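Here the structure is a predicted model, which means the values were calculated and not measured. Per chain, numbering begins at 1; letters A, B, ... match sequence-line order.
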Amino acid sequence: LAFGVLLLKENIAARKEEARHHVFKIVDLGEQSVDPADWGRNYPRQYDSYRRTSELTSTKYGGGGSDTLATDKLKEDPRLVTIFRGYAFAVDYRLRRGHAYMLSDQRDTKRVTQHAQTGACLHCHAANTVAYRKVGLANGATGTLNDPLVSSHGYAQLQKGFEKVGAMPYSNAVALVEHPVTCLDCHDPDSTQLRVTRPAFLNGIRKLAESTAPLPHLPSIEKWRKGDRREPYDPNRLATRQEMRSFACAQCHVEYYCGPKMTLFYPWDRGLKVEQIEAHYNSLKFPDGRRFFDWVHADSGAEVLKAQHPEFELWSQGIHARSGVSCADCHMPYKREGAIKVSDHWVRSPLLNVANSCQTCHRMPEEEITARVAIIQERNHALLLRAEEATVALIRAIAEARKNGATEEALRSARELQRRAQWRVDFINAENSMGFHAPQEAARILGEAIDDARQGQIALLQPRASSAAQPKPTSVK
Amino acid sequence: LAFGVLLLKENIAARKEEARHHVFKIVDLGEQSVDPADWGRNYPRQYDSYRRTSELTSTKYGGGGSDTLATDKLKEDPRLVTIFRGYAFAVDYRLRRGHAYMLSDQRDTKRVTQHAQTGACLHCHAANTVAYRKVGLANGATGTLNDPLVSSHGYAQLQKGFEKVGAMPYSNAVALVEHPVTCLDCHDPDSTQLRVTRPAFLNGIRKLAESTAPLPHLPSIEKWRKGDRREPYDPNRLATRQEMRSFACAQCHVEYYCGPKMTLFYPWDRGLKVEQIEAHYNSLKFPDGRRFFDWVHADSGAEVLKAQHPEFELWSQGIHARSGVSCADCHMPYKREGAIKVSDHWVRSPLLNVANSCQTCHRMPEEEITARVAIIQERNHALLLRAEEATVALIRAIAEARKNGATEEALRSARELQRRAQWRVDFINAENSMGFHAPQEAARILGEAIDDARQGQIALLQPRASSAAQPKPTSVK
Amino acid sequence: MRAAIAIVLGVLLGLGGYTFYYAQGASYLSNDPKACVNCHIMREQYDGWLKSPHRPYATCNDCHTPHALIPKYWTKAENGFWHSKGFTLQDFHEPIRIRPKNSRVLNENCVACHREFTAEIRVTHGHDADKLDCIRCHMDVGHGPPR
Ligand SMILES: [Ca+2]
Ligand SMILES: [Ca+2]
């Protein structure tokens, strides 16, 4: 019993101590400290949780499953095979999983092993700042590797290297990198302050700032717009801390173009909404003068678009973004370690950690919170399947009409509607929250997809009236 | 013992305090006190705000406008004329306005002046408890008018009178009532406690309780279900205070059937969701053996349904209901009157009173709150118009096929799809919050409506494949 | 678990004097809000309270312990036990959530101070007459907005 008293006292003393704790610098970190283990010496708590991204997890719609290979999306939903016919995604398309896998999963996907890809793919799948800068320097950029990344020299090296590495064949480029996303990609080595380092993001957010789309959830952009605009918008200099807690993720969790015909870019010149991005794509021309598209659908012959993980874009339309809730608030919540609060670097589904991630704001039992997410996701899933069915029906109808010898002219309107429908369905299918990041917006997009796809079928069946079924330009606000 | 004594003393002090509170009974109120002016003597603050429901107000989607007659929905949206062809709603259909107008607006609508209606209409448009009870007594119900309404006598009188008055022609029935909804309809005259008095609500909620639909937002029903169920569910005895703050409104702001073929009822036997109600209607037969419908569409010949103001039903699917936020919280918020706070009985759009109705829970500027509502409503409105367009296109297509001599058999599938689409479109159009009460659910419903309507068009154009386009039974959970 | 509780209970009731002193357990008996922040665990609530509209009018105890004398010290003793136990074993749910029992105490305290002002809205009562839940609407009065 006396033991008990001592234990108690000991414990209280320990906690009081922890509250006074500081960071002990053991290793000197710099712009070339790519290896997370080095950082781990100084920041063992963050490093420990960072490494846990290698654990296999799954929730109803999240995580990658418990198999060695992440769950196969094409097997789970065969409609996708029809939808992506003629494109690499029809060959291999899996659920995402932890950050620890990003480099190997990319190296191993049949989209890479069976299709020619470029070095641009590495932009979001590796710790690449040093590699980019080295290649940049080798190609004429000025300064040295020791310049801070956030400096004119650092930026110029990065951009130059990004362009060069992006143009290499994948197999050459991948030899230049070693780690999945690492500390240096998100943190200044000197101050540990958050920073963004992905060139396509730096370019994309600059374009977004220069657009006229209202961005109430990104106050530093709204503020920059009111200034003299002589310097382009730079998140590393201007963004608020709360914005940076989302920008760190928006470096990669965004829609992109990464094909062989143009340098990797994020299509935000008109805004982040599904129809604003579509309008931007529709306005783009390839170097050969043709209208922008991702691939020509094998069955229907339509020039269609591929959406990839637009988490940042969909989140931007939701109530959480609007309320200033960042990606890190939910996916890297603070957790208490003794008396210290640290950000949980085990980036994963918040449903695996509801107490830290949701309950700080929502005062209700865990079961209630997961029930609410389930309702949102189930509704979204049902509507998503409906929209996919409609899209598949349209693809089949066009394919059949082709077989029956329909003219290109007769197919035009239906193909345009396929492009619209498919873009919308894919926007929500490729987005990884199953509607949660912005439930009403996701449902609206799916509703439009259904309308477009079914109108495409009607256009084929009723060619005279096809002018009425022309794709209506959705007003872009 | 000392403990007990102290506690007792505290308690007595508290009671003395209560006794000094502000209500001065000037008038003795009883079950026959229909005139709100009498209540107003005792409760001048509530009475004053109650009377303000006669003020004309409007917001972008709320209120009735500033004209003598409420804004004409048919003029604002001519698609509705096509959708309701063959039914009284195609003749006169206006925006709702304050409670003070409910009796006169009903008396004056062309739906009443140009179409034969029954006394059932008065169920939700007048202070009718005394009228019902008198007629009930005259038709053999036992007890007296002085029995408390919430008693077996009182209930029996009410139910009998409700059935009898409901069967009268409107013009006879309306002579029995004098006031729009009044204090007695929502309050016990003795205790001022909330109560519900509408027979169709009492019947409907009993059926709902007996269903298996999960109702996490109505805890007293979930509790009753776990009991022995010997006594049917009675909200006046079992509901929590917070539930009563919504039930008071759910007496009237609900979907109903009020045609000549059956007694007025609320279709909640399978639950409150759009497809649960639809399933219930589809399972019903009229006395003549025909399947239930509201009217036969003049252009298409389809047996279609009419949805009316399902505010309670849609709210039930939303995040506010789930969070225990009642109708009264938003539409009758507390307000300060000198040294006392009271419920604002000026029932109206919360957007006219954001400070009291939203800002206690949502700590943000008023403009931010209204902006959020606007985003929700605009998204919903755009999708609603899309769904209406699809429905109108289907109606036109069926009408044309009929003209061209299509057989009944060839039209069957398209008409069924019209019934489904129309029910869904109308559910959201007739609901008065323009999607706000449950944004994702509303969008889902509209997405389904679009799919159904467009599939109807396809079924007509592609008769061979029509089996594929058969209405799929939506799973009812 | 039960054993752990039993041990701590024994400690507190029996030989816990020194620990009680060291952890400034006596602060539980004072009305000074600083007493509560002795546990860094309460820091957030303390910081919130500093900025809340109630700071000039109400201390932690005004809201969180019964105003009557004996229940007050009973509640303090009971909460003191739970909080010490939680602090020591670090086995409590985070974020900290008020227990239903303390929630009731809290609500009674709102009414105790705002009796007159809320007299009329408390007159009409449903079937759970006692529980007009002030916190449902006024969640932020003690500690500012929850987010
Ligand atoms: Ca893309
Ligand atoms: Ca109806």
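In this structure, CZ in B:Arg386 is found 7.5 Å from CD in A:Gln455, a value given to the nearest 0.5 Å. Atom-to-atom distance recorded for A:Glu448:CD and B:Leu446:CG is 11.5 Å, nearest 0.5 angstrom. Here the CD1 atom belonging to A:Ile376 is positioned 5.5 Å from the CD atom belonging to B:Gln440, to the nearest 0.5 angstrom. Rounding to the nearest 0.5 angstrom, the gap separating the CD1 atom in B:Ile458 from the CD1 atom in A:Ile458 is 5.0 Å.
Side-chain polar atoms of B:Ser323 and A:Arg363 form no donor-acceptor pair below 3.5 angstrom.
Inter-residue side-chain proximity for A:Arg454 and B:Ile450 is flagged as unmet; no heavy-atom pair is nearer than 4.5 Å.
The contact between A:Leu383 and chain B is made entirely by side chain atoms (from C-beta outward), counting heavy-atom distances below 4.5 Å.
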Exercise for the section: Output, in order, the C-alpha distance, side-chain angles, deciding distance and verdict of side chain to side chain contact (heavy atoms under 4.5 Å, CB included) for A:Gln317 and B:Ile375. Expected result: CA-CA 10 Å; A:Gln317 306 311 319; B:Ile375 289 172; over 6 Å; no
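Counting only residues at least two apart or on different chains, the salt bridge (Lys or Arg N to Asp or Glu O under 4.0 Å) pairs with a member in residues 311-325 of chain B are A:Glu368-B:Arg322.
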